[in-house]
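Step one of this worksheet: look at the structure below.
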Amino acid sequence: MHVLVTGGAGFIGSHIADLLAERGHRVRLLDALLPAAHGSGAAPDYLGEHELHVGDVRDEQVLRRALDGVDVVCHQAAMVGLETGIGDMPGYVAHNDLGTAQLLSTMADEGIGKLVLAGSMVVYGEGRYRCPSHDLVRPGPRAAEDLEAGIFEPRCPDCGGLLEPGTVPEDAPIDPRNTYATTKLTQEHLAAVWARNTGGTAVSLRYHNVYGPRMPRNTPYAGVASLFRSALARGEAPQIFEDGGQRRDFVHVHDIAAANVAAMHRDQPGFAAYNVCSGQPHTIGDMARALAEAAGGPEPVLTGRYRLGDVRHIVADPSKAAEELDFRATVGFSQGMKEFGTAGLRA
């Protein structure tokens, strides 16, 4: 197949491109090379011989050139990172939602009927929780007074008791908590509309906490693993928010690439979403300690600091992707963190 990877010069997109080429597919990349993601704005060295089109997915003429002869699109291009406030809304909507709408419209015109979308776990908000008295419940945002007092677990909306976390399936209630999360959910809705109207196939892969080689550093696109790794590279202790007990599913970028390749082979018309995760949750503290041990750096520091709006736990159920896409993560937490903790971030 001939595949266009939008955002293909980035952390995740470049790994998808490498795996596609390794599997014998023709690959074309489209990337705006935004300074926020790429620093200097130049194409990174790791792209190798991939065909690169530099341009914005919101530009119809750029898209038409990039889509020429393409069979499937892996749409990774997006504005990510931590927004600073309501003033960031126009930028997120313009890049993520307008960009996706323009891509889908142009794909329809060009007769391209298959899309793999970079979705995100952030559409769920808080994960799934159980109350000993009220079974499955949906907590609201944690209260500032609890966080200030060092009470970090969400409370039951019915009795106020502390909740026990569980795993989140794809049919869990959707509850985006910030602008970025809302735009990722909107991308899914747009893809579903496109699939219904064109008879195309759209798959959203809801990535969990991705880490690995080429992960950006010192940019808004850096994840928590990269921030900890950068601190260790400076000889500083990773600074952990709350008590370090936040549970996440850390999934290696090589597994993310494999999930994209698997999703390309889904042929059923319509829209479907899948969790892409390892199925083996760990805490933020676990990750910080694993990286510190691998790098031979100082022990992580629990700061007790918090950010209003952060979710406490988000751990996914991987079974649907295993059953329907035949995707299972293969890079274990210990192996992946040891590699990441000792290798250069841009390796």
Side-chain angles (χ1 to χ4, degrees), residues 1-81 91 94-96 98-107 109-119 187 203 205 207 210 212-223 226 253-261 263-264 343-347:
M1 285 189 281
H2 192 181
V3 186
L4 174 67
V5 183
T6 72
F11 165 44
I12 294 174
S14 65
H15 282 284
I16 295 171
D18 287 351
L19 184 59
L20 286 168
E22 181 183 312
R23 299 282 176 88
H25 299 286
R26 292 179 60 197
V27 182
R28 179 180 296 149
L29 313 182
L30 173 61
D31 202 297
L33 297 178
L34 297 176
H38 294 281
S40 68
D45 295 340
Y46 54 67
L47 287 188
E49 300 301 316
H50 294 309
E51 178 188 351
L52 173 64
H53 289 218
V54 178
D56 195 311
V57 293
R58 295 170 292 179
D59 186 323
E60 182 181 350
Q61 296 309 309
V62 166
L63 278 174
R64 289 195 185 278
R65 289 191 293 272
L67 289 169
D68 183 41
V70 163
D71 302 302
V72 57
V73 175
C74 285
H75 184 33
Q76 310 297 310
M79 180 177 177
V80 301
H95 282 279
N96 297 356
L98 179 58
T100 299
Q102 185 63 68
L103 172 65
L104 294 170
S105 174
T106 311
M107 286 175 64
D109 285 348
E110 297 292 326
I112 300 168
K114 185 169 287 189
L115 173 77
V116 180
L117 173 68
Q187 286 183 314
V203 176
L205 300 177
Y207 302 159
V210 188
R214 305 177 190 165
M215 195 172 191
R217 58 183 300 182
N218 304 323
T219 82
Y221 288 68
S226 181
V253 68
H254 290 166
D255 285 323
I256 294 289
N260 275 267
V261 174
M264 283 173 39
L345 290 175
R346 288 289 186 178

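Along the sequence shown, the residues carry numbers beginning at 1. Computed from a prediction, not measured in an experiment: that's the story for all the values here.
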Handout entry: side-chain hydrogen bond (donor to acceptor under 3.5 Å, both in side chains) partners of R64, counting only residues at least two apart
Key =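 With sequence neighbours excluded, R64 shows a side-chain hydrogen bond (donor to acceptor under 3.5 Å, both in side chains) to E60, D109, E110, given in chain and number order.
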Exercise for the section: Please identify each residue that fulfils side-chain hydrogen bond (donor to acceptor under 3.5 Å, both in side chains) with N96, with sequence neighbours left out. Expected result: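 side-chain hydrogen bond (donor to acceptor under 3.5 Å, both in side chains) list for N96, sorted by chain: T183.
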Exercise for the section: Can you sort out the partners of Q61 under side chain to side chain contact (heavy atoms under 4.5 Å, CB included), two or more places apart, ordered by chain and number? Expected result: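 Testing Q61 for side chain to side chain contact (heavy atoms under 4.5 Å, CB included), a comparison that skips the adjacent residues, returns D59, R65.
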Exercise for the section: For A257, enumerate each residue passing the side chain to side chain contact (heavy atoms under 4.5 Å, CB included) test, keeping only those at least two apart in sequence or located in another chain. Expected result: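 For A257 the side chain to side chain contact (heavy atoms under 4.5 Å, CB included) partners, ignoring immediate neighbours, are H15, I16, L19.
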Nearest heavy-atom neighbours spanning [X] and [Y]:
| X | Y | result |
| --- | --- | --- |
| H254 | P213 | NE2-CG, 4.5 Å |
| A21 | H50 | CB-CE1, 3.9 Å |
| I112 | V73 | CG2-CG2, 4.4 Å |
| L52 | A43 | CD2-CB, 3.9 Å |
| G212 | V253 | CA-CG1, 4.1 Å |

Problem - Which residues share a ring pair (Phe, Tyr, Trp, His ring centres under 6.0 Å) with H95, sequence neighbours left out - result: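 For H95 there are no ring pair (Phe, Tyr, Trp, His ring centres under 6.0 Å) partners, ignoring immediate neighbours.
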Handout entry: Check against side chain to side chain contact (heavy atoms under 4.5 Å, CB included), L205 and V203
Key = CA-CA 6 Å; L205 300 177; V203 176; 3.8 Å; yes
Handout entry: Inter-residue atom distance R28.CZ - L20.CG, 0.5 Å rounding
Key =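 Atom-to-atom, R28:CZ and L20:CG are 13.5 Å apart.
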Practice task
Any chance you could measure C74, atom SG, to L30, atom CG, to the nearest 0.5 Å?
Solution key: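 Output value for this atom pair is 13.0 Å.
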Exercise for the section: Would you sort out whether Q187 and L117 count as a side chain to side chain contact (heavy atoms under 4.5 Å, CB included), showing the intermediate values? Expected result: CA-CA 8 Å; Q187 286 183 314; L117 173 68; 4.0 Å; yes
Problem - K114 side chain vs M264 backbone, donor-acceptor pair below 3.5 Å - result: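 Flag set: sc K114 to bb M264 pair under 3.5 Å.
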Problem - Pairwise salt bridge (Lys or Arg N to Asp or Glu O under 4.0 Å) hits with a residue in residues 5-24, at least two apart - result: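 Counting only pairs at least two positions apart or across chains, the salt bridge (Lys or Arg N to Asp or Glu O under 4.0 Å) contacts touching residues 5-24 are D18-R214.
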Donor-acceptor pairs under 3.5 angstrom involving side-chain atoms of residues 1-13: please list them, not counting sequence neighbours.
| unit_1 | atom_1 | unit_2 | atom_2 | d |
| --- | --- | --- | --- | --- |
| H2 | ND1 | G69 | O | 3.1 |
| T6 | OG1 | H75 | ND1 | 2.7 |
| T6 | OG1 | Q76 | N | 2.9 |
| T6 | OG1 | A77 | N | 3.1 |

Problem - salt bridge (Lys or Arg N to Asp or Glu O under 4.0 Å) involving D56 - partner list, sequence neighbours excluded - result: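 In terms of salt bridge (Lys or Arg N to Asp or Glu O under 4.0 Å), with neighbours along the sequence ignored, D56 is linked to R58.
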Problem - From CA spacing to verdict: side-chain hydrogen bond (donor to acceptor under 3.5 Å, both in side chains), N260, Y207 - result: CA-CA 10 Å; N260 275 267; Y207 302 159; 3.0 Å; yes
